[in-house]
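Atoms considered below: every heavy atom in the structure, side chains included; atoms not considered: hydrogens, waters and symmetry mates.
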Amino acid sequence: MHVNVSARGLLSLFSPLTNVISRVGQVTSFYNFNTFQSRHFKSLRHQRSASTMEAAATDTRTPPDVNTPVSEEETATKDATETGKRKSDELDEKEKSGRGKRRRGAGGKKQRPGERYIPPPQRRNPGVGFNQEHFDETSYYFEGGLRKVHPYYFDFKTYCKGRWVGKSLLDVFRSEFRAESVEYYERAAKEGRIRLNETPVEDLSVVLRNNDLMKNTVHRHEPPVVGRPLKVLVDDGEVLVVDKPASIPVHPCGRFRHNTVIFILGKERGVSELHTVHRLDRLTSGVLLFARTLEISKKLDQLVRDRQLEKEYVCRVDGEFPEGELICEEPILVVSCKIGLCRVDPKGKDCRTVFQRLSFNGKTSVVRCLPLTGRTHQIRVHLQYLGFPIINDPIYGASAWGPHRGKGGHIGKSDDELLQALVEEHRSQESLNLLDMTDDCIGVTQEAEKKKISDNTDRTDGPDESGRSCQTQVDKKSDSTETENTKNTSVRESQSPLSTNSNGNQTEAADSALKTPQGSRDHLCSECKLVRPDPTEKELVMYLHALRYKGPDFEYSTSLPDWAKDDWVEAE
(Lines give C-alpha, C1' and ligand atoms only; values in the text may rest on other atoms or scores of the structure.)
Protein backbone atom coordinates (compact mmCIF):
# COMPACT_ATOMS: atom_id res chain seq x y z
CA MET A 1 0.00 0.00 0.00
CA HIS A 2 2.83 2.30 0.79
CA VAL A 3 4.40 1.53 -2.46
CA ASN A 4 1.25 2.28 -4.41
CA VAL A 5 0.80 5.56 -2.64
CA SER A 6 4.37 6.50 -3.36
CA ALA A 7 3.97 5.64 -7.00
CA ARG A 8 0.88 7.75 -7.24
CA GLY A 9 2.68 10.52 -5.45
CA LEU A 10 5.53 10.35 -7.87
CA LEU A 11 3.12 10.45 -10.79
CA SER A 12 1.39 13.44 -9.35
CA LEU A 13 4.72 15.16 -8.94
CA PHE A 14 5.70 14.51 -12.56
CA SER A 15 2.32 15.14 -14.13
CA PRO A 16 2.98 18.88 -14.76
CA LEU A 17 6.24 18.01 -16.44
CA THR A 18 4.54 15.32 -18.48
CA ASN A 19 1.97 17.81 -19.70
CA VAL A 20 4.69 20.22 -20.72
CA ILE A 21 6.56 17.51 -22.62
CA SER A 22 3.33 16.45 -24.33
CA ARG A 23 2.57 19.99 -25.41
CA VAL A 24 6.11 20.49 -26.66
CA GLY A 25 5.83 17.26 -28.63
CA GLN A 26 2.59 18.43 -30.21
CA VAL A 27 4.11 21.76 -31.17
CA THR A 28 7.21 20.05 -32.54
CA SER A 29 5.14 17.60 -34.56
CA PHE A 30 3.00 20.41 -35.90
CA TYR A 31 6.11 22.41 -36.84
CA ASN A 32 7.74 19.41 -38.51
CA PHE A 33 4.54 18.65 -40.38
CA ASN A 34 4.22 22.26 -41.54
CA THR A 35 7.87 22.33 -42.56
CA PHE A 36 7.50 19.07 -44.49
CA GLN A 37 4.26 20.31 -46.05
CA SER A 38 5.90 23.62 -47.08
CA ARG A 39 8.92 21.90 -48.54
CA HIS A 40 6.78 19.33 -50.32
CA PHE A 41 4.56 22.08 -51.73
CA LYS A 42 7.62 23.98 -52.97
CA SER A 43 8.99 20.82 -54.55
CA LEU A 44 5.70 20.16 -56.30
CA ARG A 45 5.59 23.76 -57.44
CA HIS A 46 9.12 23.54 -58.91
CA GLN A 47 8.30 20.24 -60.60
CA ARG A 48 5.08 21.67 -62.02
CA SER A 49 6.97 24.77 -63.22
CA ALA A 50 9.68 22.65 -64.85
CA SER A 51 7.13 20.35 -66.48
CA THR A 52 5.16 23.37 -67.68
CA MET A 53 8.26 24.89 -69.30
CA GLU A 54 9.19 21.55 -70.87
CA ALA A 55 5.69 21.11 -72.21
CA ALA A 56 5.68 24.65 -73.58
CA ALA A 57 8.96 23.97 -75.38
CA THR A 58 7.89 20.60 -76.88
CA ASP A 59 4.10 20.63 -77.20
CA THR A 60 3.00 21.21 -80.79
CA ARG A 61 -0.68 20.39 -80.28
CA THR A 62 -3.56 22.81 -80.55
CA PRO A 63 -3.85 25.35 -77.70
CA PRO A 64 -6.15 24.56 -74.73
CA ASP A 65 -9.61 25.91 -74.36
CA VAL A 66 -9.72 29.64 -73.80
CA ASN A 67 -11.59 29.15 -70.53
CA THR A 68 -8.79 27.04 -69.03
CA PRO A 69 -6.82 29.14 -66.54
CA VAL A 70 -3.14 29.53 -67.48
CA SER A 71 -0.49 31.14 -65.32
CA GLU A 72 1.38 34.23 -66.50
CA GLU A 73 4.66 32.29 -66.45
CA GLU A 74 3.19 29.51 -68.61
CA THR A 75 1.80 32.03 -71.07
CA ALA A 76 5.09 33.92 -71.36
CA THR A 77 7.07 30.71 -71.84
CA LYS A 78 4.75 29.37 -74.48
CA ASP A 79 4.54 32.64 -76.37
CA ALA A 80 8.32 32.93 -76.39
CA THR A 81 8.65 29.38 -77.73
CA GLU A 82 6.06 29.82 -80.47
CA THR A 83 7.50 33.08 -81.70
CA GLY A 84 11.10 31.88 -81.60
CA LYS A 85 12.06 34.42 -78.93
CA ARG A 86 14.29 33.76 -76.00
CA LYS A 87 13.18 34.68 -72.47
CA SER A 88 15.78 37.42 -72.49
CA ASP A 89 14.10 38.89 -75.54
CA GLU A 90 10.80 39.02 -73.66
CA LEU A 91 12.51 40.81 -70.78
CA ASP A 92 14.09 43.26 -73.18
CA GLU A 93 10.67 44.12 -74.55
CA LYS A 94 9.37 44.70 -71.01
CA GLU A 95 12.30 47.00 -70.31
CA LYS A 96 11.56 49.02 -73.42
CA SER A 97 7.93 49.41 -72.42
CA GLY A 98 8.87 50.38 -68.86
CA ARG A 99 7.47 47.19 -67.29
CA GLY A 100 9.25 44.35 -65.57
CA LYS A 101 12.57 44.14 -63.81
CA ARG A 102 15.74 45.41 -65.39
CA ARG A 103 18.21 42.75 -66.49
CA ARG A 104 21.54 42.42 -64.83
CA GLY A 105 24.57 42.91 -67.04
CA ALA A 106 24.52 44.63 -70.40
CA GLY A 107 21.70 47.12 -70.60
CA GLY A 108 20.25 46.14 -67.23
CA LYS A 109 22.27 48.06 -64.69
CA LYS A 110 22.55 51.80 -64.43
CA GLN A 111 25.38 53.11 -66.58
CA ARG A 112 28.13 55.21 -65.19
CA PRO A 113 28.79 58.63 -66.70
CA GLY A 114 30.70 58.20 -69.97
CA GLU A 115 30.30 54.42 -70.01
CA ARG A 116 29.57 52.77 -73.38
CA TYR A 117 26.23 51.05 -73.74
CA ILE A 118 26.54 47.48 -75.00
CA PRO A 119 23.27 45.95 -76.23
CA PRO A 120 22.54 42.31 -75.36
CA PRO A 121 23.54 39.68 -77.94
CA GLN A 122 21.01 39.00 -80.65
CA ARG A 123 19.59 35.54 -81.12
CA ARG A 124 21.20 33.71 -84.03
CA ASN A 125 18.92 32.08 -86.55
CA PRO A 126 19.56 28.32 -86.64
CA GLY A 127 20.82 26.89 -89.93
CA VAL A 128 21.62 28.75 -93.10
CA GLY A 129 18.84 30.88 -94.51
CA PHE A 130 20.17 32.32 -97.75
CA ASN A 131 17.47 34.02 -99.78
CA GLN A 132 17.04 36.27 -102.80
CA GLU A 133 18.42 39.26 -100.92
CA HIS A 134 21.73 37.44 -100.51
CA PHE A 135 21.71 36.16 -104.09
CA ASP A 136 21.25 39.71 -105.43
CA GLU A 137 24.44 41.04 -103.81
CA THR A 138 26.32 40.69 -107.11
CA SER A 139 26.25 38.79 -110.40
CA TYR A 140 28.29 36.36 -112.50
CA TYR A 141 30.07 36.73 -115.79
CA PHE A 142 31.91 34.12 -117.84
CA GLU A 143 35.34 34.61 -119.32
CA GLY A 144 37.97 32.21 -120.60
CA GLY A 145 35.93 29.17 -119.59
CA LEU A 146 35.67 30.43 -116.00
CA ARG A 147 32.79 31.58 -113.84
CA LYS A 148 33.67 34.93 -112.25
CA VAL A 149 31.99 37.23 -109.75
CA HIS A 150 31.85 41.00 -109.91
CA PRO A 151 33.53 42.49 -106.79
CA TYR A 152 31.01 43.71 -104.22
CA TYR A 153 30.78 45.34 -100.80
CA PHE A 154 30.01 43.05 -97.92
CA ASP A 155 29.67 43.24 -94.13
CA PHE A 156 31.57 40.81 -91.93
CA LYS A 157 30.49 40.80 -88.31
CA THR A 158 31.39 39.00 -85.10
CA TYR A 159 30.94 39.32 -81.37
CA CYS A 160 33.99 40.15 -79.29
CA LYS A 161 35.95 37.02 -78.44
CA GLY A 162 37.03 36.39 -74.88
CA ARG A 163 40.71 36.94 -75.62
CA TRP A 164 39.92 40.39 -77.05
CA VAL A 165 38.17 41.74 -73.94
CA GLY A 166 40.20 44.61 -72.47
CA LYS A 167 42.19 45.14 -75.67
CA SER A 168 41.78 48.04 -78.05
CA LEU A 169 40.52 47.61 -81.58
CA LEU A 170 43.92 48.69 -82.82
CA ASP A 171 45.64 45.96 -80.80
CA VAL A 172 43.27 43.32 -82.15
CA PHE A 173 43.75 44.41 -85.75
CA ARG A 174 47.52 44.54 -85.32
CA SER A 175 47.85 41.12 -83.72
CA GLU A 176 45.13 39.01 -85.34
CA PHE A 177 44.12 40.57 -88.67
CA ARG A 178 47.38 40.97 -90.49
CA ALA A 179 45.99 40.51 -93.99
CA GLU A 180 45.75 44.32 -94.07
CA SER A 181 47.98 46.98 -92.58
CA VAL A 182 47.13 49.11 -89.55
CA GLU A 183 47.01 52.10 -91.90
CA TYR A 184 44.25 50.38 -93.87
CA TYR A 185 42.10 49.86 -90.78
CA GLU A 186 42.65 53.46 -89.68
CA ARG A 187 41.52 54.75 -93.07
CA ALA A 188 38.57 52.36 -93.11
CA ALA A 189 37.52 53.60 -89.67
CA LYS A 190 37.63 57.22 -90.79
CA GLU A 191 35.31 56.34 -93.69
CA GLY A 192 32.80 54.64 -91.39
CA ARG A 193 33.47 51.09 -92.53
CA ILE A 194 34.27 49.77 -89.07
CA ARG A 195 31.38 49.78 -86.60
CA LEU A 196 30.98 48.78 -82.99
CA ASN A 197 27.42 47.99 -81.91
CA GLU A 198 26.17 49.62 -85.12
CA THR A 199 28.01 52.86 -84.35
CA PRO A 200 30.89 53.93 -86.66
CA VAL A 201 34.24 53.89 -84.89
CA GLU A 202 36.74 56.57 -85.85
CA ASP A 203 39.19 56.02 -82.99
CA LEU A 204 40.63 52.48 -82.91
CA SER A 205 41.88 52.98 -79.36
CA VAL A 206 38.41 52.09 -78.02
CA VAL A 207 38.67 49.21 -75.55
CA LEU A 208 36.58 46.14 -76.33
CA ARG A 209 34.15 44.69 -73.83
CA ASN A 210 32.17 41.51 -73.64
CA ASN A 211 29.23 41.29 -76.10
CA ASP A 212 30.60 44.07 -78.32
CA LEU A 213 29.37 43.50 -81.88
CA MET A 214 32.06 44.34 -84.45
CA LYS A 215 31.37 44.96 -88.14
CA ASN A 216 33.73 45.54 -91.03
CA THR A 217 32.62 46.52 -94.52
CA VAL A 218 34.97 45.17 -97.18
CA HIS A 219 35.28 45.25 -100.94
CA ARG A 220 35.08 41.54 -101.62
CA HIS A 221 36.73 39.65 -104.49
CA GLU A 222 36.01 35.98 -105.16
CA PRO A 223 38.35 33.61 -107.01
CA PRO A 224 37.10 32.23 -110.34
CA VAL A 225 35.91 28.64 -110.72
CA VAL A 226 35.31 26.44 -113.74
CA GLY A 227 32.54 27.74 -115.98
CA ARG A 228 30.83 24.39 -116.52
CA PRO A 229 27.17 24.62 -115.42
CA LEU A 230 25.79 22.61 -112.53
CA LYS A 231 23.98 19.56 -113.87
CA VAL A 232 20.92 18.57 -111.84
CA LEU A 233 20.59 14.78 -111.77
CA VAL A 234 17.46 14.47 -109.59
CA ASP A 235 14.98 16.94 -108.13
CA ASP A 236 11.88 15.11 -106.88
CA GLY A 237 10.81 17.41 -104.06
CA GLU A 238 12.56 15.29 -101.43
CA VAL A 239 16.16 15.35 -102.62
CA LEU A 240 18.20 17.45 -105.03
CA VAL A 241 21.21 15.72 -106.59
CA VAL A 242 23.76 17.57 -108.72
CA ASP A 243 26.94 16.68 -110.56
CA LYS A 244 29.36 19.13 -108.95
CA PRO A 245 32.24 20.40 -111.11
CA ALA A 246 35.70 20.53 -109.55
CA SER A 247 36.91 23.84 -108.02
CA ILE A 248 33.47 24.88 -106.71
CA PRO A 249 32.94 24.72 -102.91
CA VAL A 250 29.67 23.30 -101.62
CA HIS A 251 28.82 26.23 -99.33
CA PRO A 252 30.19 29.69 -98.49
CA CYS A 253 33.61 29.41 -96.88
CA GLY A 254 36.96 31.14 -97.13
CA ARG A 255 36.84 33.70 -99.92
CA PHE A 256 33.99 31.90 -101.67
CA ARG A 257 30.37 32.94 -101.34
CA HIS A 258 28.62 33.37 -104.70
CA ASN A 259 30.96 30.94 -106.45
CA THR A 260 29.55 28.05 -104.41
CA VAL A 261 27.04 25.32 -105.19
CA ILE A 262 24.50 26.74 -102.72
CA PHE A 263 24.57 30.22 -104.27
CA ILE A 264 24.71 29.05 -107.89
CA LEU A 265 21.59 26.95 -107.34
CA GLY A 266 19.89 29.87 -105.62
CA LYS A 267 20.86 32.48 -108.19
CA GLU A 268 20.31 30.43 -111.35
CA ARG A 269 17.55 28.01 -110.33
CA GLY A 270 15.80 29.79 -107.48
CA VAL A 271 16.50 26.89 -105.12
CA SER A 272 17.02 27.68 -101.44
CA GLU A 273 16.70 26.13 -97.97
CA LEU A 274 18.70 23.04 -98.91
CA HIS A 275 20.03 20.66 -96.26
CA THR A 276 23.53 19.33 -96.87
CA VAL A 277 23.72 15.55 -96.51
CA HIS A 278 27.41 15.17 -97.34
CA ARG A 279 30.20 17.38 -98.67
CA LEU A 280 32.87 17.13 -101.30
CA ASP A 281 36.25 18.87 -101.20
CA ARG A 282 36.43 21.96 -103.38
CA LEU A 283 38.71 20.29 -105.96
CA THR A 284 36.64 17.07 -106.03
CA SER A 285 33.82 16.61 -108.55
CA GLY A 286 30.82 14.30 -108.72
CA VAL A 287 27.56 13.33 -107.01
CA LEU A 288 26.41 15.81 -104.38
CA LEU A 289 23.22 15.14 -102.45
CA PHE A 290 20.95 17.67 -100.74
CA ALA A 291 17.74 17.08 -98.78
CA ARG A 292 14.80 19.31 -99.61
CA THR A 293 13.15 19.04 -96.20
CA LEU A 294 14.31 18.66 -92.62
CA GLU A 295 12.51 15.33 -92.30
CA ILE A 296 14.35 13.83 -95.28
CA SER A 297 17.61 15.29 -93.99
CA LYS A 298 17.17 13.48 -90.65
CA LYS A 299 16.42 10.20 -92.40
CA LEU A 300 19.51 10.46 -94.57
CA ASP A 301 21.64 11.47 -91.59
CA GLN A 302 20.49 8.34 -89.78
CA LEU A 303 21.45 6.22 -92.79
CA VAL A 304 24.90 7.78 -92.68
CA ARG A 305 25.28 7.06 -88.95
CA ASP A 306 24.11 3.48 -89.50
CA ARG A 307 26.55 3.12 -92.42
CA GLN A 308 23.78 2.13 -94.80
CA LEU A 309 25.01 4.44 -97.56
CA GLU A 310 27.54 3.20 -100.08
CA LYS A 311 29.85 5.74 -101.73
CA GLU A 312 31.95 4.98 -104.76
CA TYR A 313 34.73 7.21 -106.09
CA VAL A 314 37.09 7.01 -109.03
CA CYS A 315 40.48 8.67 -109.25
CA ARG A 316 43.67 8.75 -111.32
CA VAL A 317 46.93 8.20 -109.44
CA ASP A 318 50.63 8.30 -110.21
CA GLY A 319 52.26 4.97 -111.02
CA GLU A 320 51.05 1.43 -111.64
CA PHE A 321 48.52 0.52 -109.01
CA PRO A 322 48.45 -3.21 -108.07
CA GLU A 323 45.86 -5.41 -109.74
CA GLY A 324 43.09 -7.00 -107.76
CA GLU A 325 41.43 -5.71 -104.60
CA LEU A 326 43.54 -3.83 -102.08
CA ILE A 327 42.24 -2.87 -98.62
CA CYS A 328 43.82 -0.14 -96.50
CA GLU A 329 42.87 0.04 -92.82
CA GLU A 330 45.44 2.51 -91.52
CA PRO A 331 44.08 4.93 -88.86
CA ILE A 332 44.00 8.61 -89.81
CA LEU A 333 44.91 11.52 -87.53
CA VAL A 334 44.08 15.21 -88.15
CA VAL A 335 47.38 17.12 -87.99
CA SER A 336 46.16 20.64 -88.73
CA CYS A 337 42.62 21.96 -88.87
CA LYS A 338 43.89 25.10 -90.60
CA ILE A 339 44.44 23.30 -93.91
CA GLY A 340 42.63 20.07 -93.13
CA LEU A 341 45.97 18.25 -93.07
CA CYS A 342 45.83 14.58 -92.08
CA ARG A 343 48.19 11.62 -92.03
CA VAL A 344 48.30 7.97 -91.07
CA ASP A 345 49.05 7.58 -87.36
CA PRO A 346 48.40 4.83 -84.78
CA LYS A 347 46.68 7.45 -82.60
CA GLY A 348 44.22 8.29 -85.36
CA LYS A 349 40.67 7.07 -85.95
CA ASP A 350 39.90 3.70 -87.48
CA CYS A 351 39.49 3.75 -91.26
CA ARG A 352 38.84 1.26 -94.02
CA THR A 353 39.04 1.86 -97.77
CA VAL A 354 38.74 -0.72 -100.56
CA PHE A 355 40.65 -0.03 -103.80
CA GLN A 356 40.57 -1.73 -107.20
CA ARG A 357 42.53 -0.79 -110.30
CA LEU A 358 40.42 -0.15 -113.40
CA SER A 359 43.11 0.72 -115.96
CA PHE A 360 46.78 1.63 -116.44
CA ASN A 361 48.18 3.66 -119.35
CA GLY A 362 51.84 3.06 -118.69
CA LYS A 363 52.24 6.08 -116.45
CA THR A 364 49.11 6.56 -114.35
CA SER A 365 46.30 4.32 -113.09
CA VAL A 366 42.55 4.77 -112.73
CA VAL A 367 41.41 3.37 -109.39
CA ARG A 368 37.96 2.57 -107.99
CA CYS A 369 37.59 3.60 -104.32
CA LEU A 370 35.05 2.46 -101.75
CA PRO A 371 35.43 4.35 -98.45
CA LEU A 372 33.70 2.26 -95.78
CA THR A 373 34.25 4.96 -93.18
CA GLY A 374 33.99 8.73 -93.52
CA ARG A 375 37.21 10.27 -92.26
CA THR A 376 38.55 13.59 -93.52
CA HIS A 377 40.55 13.16 -96.76
CA GLN A 378 40.38 9.39 -96.24
CA ILE A 379 40.88 8.35 -99.87
CA ARG A 380 43.63 10.89 -100.45
CA VAL A 381 45.54 9.96 -97.29
CA HIS A 382 45.30 6.19 -97.85
CA LEU A 383 46.46 6.46 -101.46
CA GLN A 384 49.40 8.61 -100.41
CA TYR A 385 50.32 6.07 -97.73
CA LEU A 386 50.20 3.28 -100.34
CA GLY A 387 52.55 5.30 -102.56
CA PHE A 388 50.03 6.34 -105.23
CA PRO A 389 49.00 9.98 -104.61
CA ILE A 390 46.15 11.40 -106.66
CA ILE A 391 47.22 13.54 -109.60
CA ASN A 392 46.94 17.28 -108.95
CA ASP A 393 46.51 16.78 -105.22
CA PRO A 394 48.04 20.01 -103.86
CA ILE A 395 48.46 18.61 -100.33
CA TYR A 396 49.17 14.89 -100.41
CA GLY A 397 51.10 14.98 -103.66
CA ALA A 398 53.46 17.75 -102.53
CA SER A 399 57.22 17.20 -102.28
CA ALA A 400 57.13 18.60 -98.71
CA TRP A 401 56.36 15.04 -97.57
CA GLY A 402 59.87 13.97 -98.54
CA PRO A 403 61.45 12.04 -101.45
CA HIS A 404 58.86 9.26 -101.17
CA ARG A 405 55.98 11.73 -100.66
CA GLY A 406 54.80 10.08 -97.47
CA LYS A 407 54.71 6.49 -98.73
CA GLY A 408 54.45 4.06 -95.86
CA GLY A 409 54.08 6.91 -93.41
CA HIS A 410 57.78 7.83 -93.66
CA ILE A 411 57.94 11.61 -93.47
CA GLY A 412 61.03 12.48 -91.41
CA LYS A 413 59.44 15.68 -90.11
CA SER A 414 57.43 16.73 -87.12
CA ASP A 415 53.87 17.91 -87.70
CA ASP A 416 54.91 21.56 -87.34
CA GLU A 417 57.84 21.08 -89.74
CA LEU A 418 55.57 19.36 -92.25
CA LEU A 419 53.02 22.18 -92.11
CA GLN A 420 55.73 24.81 -92.53
CA ALA A 421 57.26 22.88 -95.44
CA LEU A 422 53.89 22.73 -97.21
CA VAL A 423 53.37 26.48 -96.80
CA GLU A 424 56.89 27.24 -98.02
CA GLU A 425 56.52 24.97 -101.05
CA HIS A 426 53.31 26.62 -102.18
CA ARG A 427 54.63 30.07 -101.38
CA SER A 428 57.63 29.46 -103.65
CA GLN A 429 55.28 28.34 -106.41
CA GLU A 430 52.94 31.29 -105.81
CA SER A 431 50.17 28.83 -105.04
CA LEU A 432 49.47 29.28 -101.35
CA ASN A 433 45.83 29.52 -102.26
CA LEU A 434 45.77 25.86 -103.34
CA LEU A 435 46.08 24.89 -99.69
CA ASP A 436 42.62 24.82 -98.13
CA MET A 437 43.76 27.04 -95.29
CA THR A 438 41.46 28.84 -92.92
CA ASP A 439 41.93 32.57 -92.77
CA ASP A 440 43.81 32.78 -89.50
CA CYS A 441 46.57 30.85 -91.26
CA ILE A 442 46.24 32.91 -94.42
CA GLY A 443 46.84 36.15 -92.55
CA VAL A 444 50.39 35.12 -91.69
CA THR A 445 51.34 34.24 -95.25
CA GLN A 446 49.20 36.46 -97.41
CA GLU A 447 51.32 39.59 -97.18
CA ALA A 448 54.32 37.77 -98.62
CA GLU A 449 52.16 36.36 -101.40
CA LYS A 450 50.73 39.76 -102.29
CA LYS A 451 54.17 41.35 -102.27
CA LYS A 452 55.53 38.69 -104.59
CA ILE A 453 52.60 39.03 -106.96
CA SER A 454 52.88 42.81 -107.06
CA ASP A 455 56.61 42.55 -107.80
CA ASN A 456 56.02 40.24 -110.74
CA THR A 457 52.99 41.90 -112.30
CA ASP A 458 51.94 45.32 -113.48
CA ARG A 459 49.55 47.47 -111.49
CA THR A 460 46.43 48.91 -113.01
CA ASP A 461 44.38 51.96 -112.09
CA GLY A 462 41.23 51.06 -113.96
CA PRO A 463 39.03 48.13 -114.86
CA ASP A 464 40.09 45.71 -117.57
CA GLU A 465 39.07 46.06 -121.20
CA SER A 466 35.76 44.40 -120.55
CA GLY A 467 35.08 46.85 -117.73
CA ARG A 468 33.88 43.99 -115.59
CA SER A 469 36.54 43.24 -113.02
CA CYS A 470 39.70 44.33 -111.30
CA GLN A 471 41.28 40.98 -112.18
CA THR A 472 43.27 41.18 -115.42
CA GLN A 473 45.44 38.53 -117.00
CA VAL A 474 48.75 40.09 -117.99
CA ASP A 475 50.79 37.00 -118.77
CA LYS A 476 50.60 33.22 -118.83
CA LYS A 477 52.12 32.86 -115.39
CA SER A 478 49.60 31.23 -113.07
CA ASP A 479 48.74 32.56 -109.67
CA SER A 480 45.78 30.22 -109.04
CA THR A 481 42.65 30.59 -106.99
CA GLU A 482 42.39 31.67 -103.40
CA THR A 483 41.92 29.50 -100.37
CA GLU A 484 38.89 27.92 -98.82
CA ASN A 485 38.00 25.16 -96.45
CA THR A 486 35.50 22.51 -97.58
CA LYS A 487 35.67 20.56 -94.41
CA ASN A 488 32.86 20.24 -91.93
CA THR A 489 31.67 22.86 -89.49
CA SER A 490 33.96 21.75 -86.70
CA VAL A 491 37.01 22.62 -88.79
CA ARG A 492 35.70 25.91 -90.01
CA GLU A 493 35.05 27.31 -86.55
CA SER A 494 38.54 28.78 -86.20
CA GLN A 495 38.36 31.28 -89.06
CA SER A 496 38.93 34.98 -88.44
CA PRO A 497 35.85 37.11 -89.06
CA LEU A 498 37.00 40.69 -89.62
CA SER A 499 39.73 40.09 -92.16
CA THR A 500 38.93 41.20 -95.66
CA ASN A 501 39.60 37.66 -96.75
CA SER A 502 37.64 35.74 -94.16
CA ASN A 503 34.27 34.08 -94.07
CA GLY A 504 34.11 31.49 -91.35
CA ASN A 505 32.05 31.03 -88.25
CA GLN A 506 31.01 34.68 -88.08
CA THR A 507 27.45 35.69 -88.82
CA GLU A 508 27.27 37.20 -92.27
CA ALA A 509 25.41 40.44 -92.68
CA ALA A 510 22.87 40.60 -95.47
CA ASP A 511 22.68 44.37 -95.43
CA SER A 512 25.94 45.63 -96.87
CA ALA A 513 26.55 49.25 -95.99
CA LEU A 514 27.66 50.09 -99.52
CA LYS A 515 26.35 49.08 -102.93
CA THR A 516 28.74 48.00 -105.65
CA PRO A 517 28.40 49.25 -109.23
CA GLN A 518 29.61 46.42 -111.42
CA GLY A 519 33.18 46.85 -112.59
CA SER A 520 33.88 49.47 -109.93
CA ARG A 521 37.09 49.78 -107.95
CA ASP A 522 37.60 50.67 -104.32
CA HIS A 523 40.43 53.01 -103.32
CA LEU A 524 41.01 51.13 -100.03
CA CYS A 525 40.89 47.62 -101.49
CA SER A 526 44.29 45.96 -101.84
CA GLU A 527 42.84 43.32 -104.17
CA CYS A 528 41.89 46.02 -106.65
CA LYS A 529 45.60 46.89 -106.91
CA LEU A 530 46.64 43.32 -107.73
CA VAL A 531 46.60 41.65 -111.11
CA ARG A 532 45.84 37.96 -110.84
CA PRO A 533 46.23 35.72 -113.89
CA ASP A 534 43.49 33.17 -114.44
CA PRO A 535 44.09 29.78 -112.80
CA THR A 536 45.03 26.77 -114.89
CA GLU A 537 43.21 23.43 -115.06
CA LYS A 538 45.86 21.87 -112.84
CA GLU A 539 45.02 24.35 -110.14
CA LEU A 540 41.26 23.87 -110.48
CA VAL A 541 40.86 20.10 -110.97
CA MET A 542 42.03 17.25 -108.79
CA TYR A 543 41.49 13.85 -110.39
CA LEU A 544 39.05 12.55 -107.78
CA HIS A 545 35.37 12.08 -108.63
CA ALA A 546 32.35 10.93 -106.59
CA LEU A 547 30.86 8.42 -109.01
CA ARG A 548 27.95 6.87 -107.09
CA TYR A 549 25.90 7.38 -103.94
CA LYS A 550 23.68 4.44 -103.00
CA GLY A 551 21.19 3.80 -100.20
CA PRO A 552 18.75 1.00 -99.31
CA ASP A 553 16.16 2.20 -101.81
CA PHE A 554 17.92 4.73 -104.04
CA GLU A 555 21.02 5.14 -106.18
CA TYR A 556 22.45 8.27 -107.83
CA SER A 557 25.40 8.18 -110.21
CA THR A 558 27.22 10.18 -112.88
CA SER A 559 29.19 9.22 -115.94
CA LEU A 560 32.96 8.81 -115.81
CA PRO A 561 34.90 12.06 -116.20
CA ASP A 562 37.08 12.37 -119.28
CA TRP A 563 40.31 11.88 -117.34
CA ALA A 564 39.08 8.48 -116.10
CA LYS A 565 38.50 7.02 -119.55
CA ASP A 566 40.86 4.50 -121.13
CA ASP A 567 41.75 6.71 -124.11
CA TRP A 568 42.55 9.81 -122.05
CA VAL A 569 45.88 11.47 -122.68
CA GLU A 570 47.26 14.03 -120.25
CA ALA A 571 47.82 17.45 -121.82
CA GLU A 572 51.42 18.65 -121.84
Arg380 to Tyr396 six-membered ring, cation-pi geometry met (6.0 Å, 45°)
no
Among Leu288, Leu289, Asp235, Val277, exactly one meets side chain to side chain contact (heavy atoms under 4.5 Å, CB included) together with Leu240. Which residue is that?
Asp235
Side chain to side chain contact (heavy atoms under 4.5 Å, CB included) partner of Thr217, the single match among Glu191, Arg195, Lys157
Arg195
Any salt bridge between Glu176 and Lys167, counting N to O under 4.0 Å?
no
Under a 4.0 Å N-O cut-off, is there an ion pair linking Lys298 with Asp301?
no
Identify the heavy atoms of [X] and [Y] that sit nearest to each other, and give their distance.
X      : Y      : value
Ala400 : Leu418 : O-CD1, 3.9 Å
Ala246 : Leu283 : CB-O, 3.4 Å
Pro252 : Phe130 : CG-CZ, 3.7 Å
Thr284 : Leu544 : CG2-O, 3.3 Å
Arg187 : His523 : NH2-CD2, 3.8 Å
Ser285 : Pro245 : CB-C, 4.0 Å

I'd like to know if the side chain of [X] and the backbone of [Y] have a donor-acceptor N/O pair within less than 3.5 Å.
X      : Y      : result
Thr138 : His150 : yes
Ser247 : Val226 : yes
Lys267 : Phe135 : yes
Asp243 : Lys231 : no
Asp136 : Glu133 : no
Tyr184 : Ala179 : no
Asp203 : Ser205 : yes
Glu222 : Val149 : no
Glu539 : Thr536 : yes
Lys244 : Arg282 : yes

Not counting sequence neighbours, which residues clear salt bridge (charged side-chain N to carboxylate O under 4.0 Å, His left out) with Arg269? List them please.
none
Hydrogens and angles aside, do Glu527 and His219 bring a side-chain donor and acceptor to less than 3.5 Å of each other?
no
Ignoring hydrogens and angles, state whether a donor on the side chain of Asp522 or Tyr153 is under 3.5 Å from an acceptor on the partner side chain.
yes
Separation of Leu422 CG from Lys413 NZ (nearest 0.5 Å)
8.5 Å
Should the heavy atoms of other residues, nucleotides or ligands under 6.0 Å from CD of Glu268 be counted, would the total exceed 12?
yes
Is any side-chain heavy atom of Leu208 closer than 4.5 Å to one of Leu196?
yes
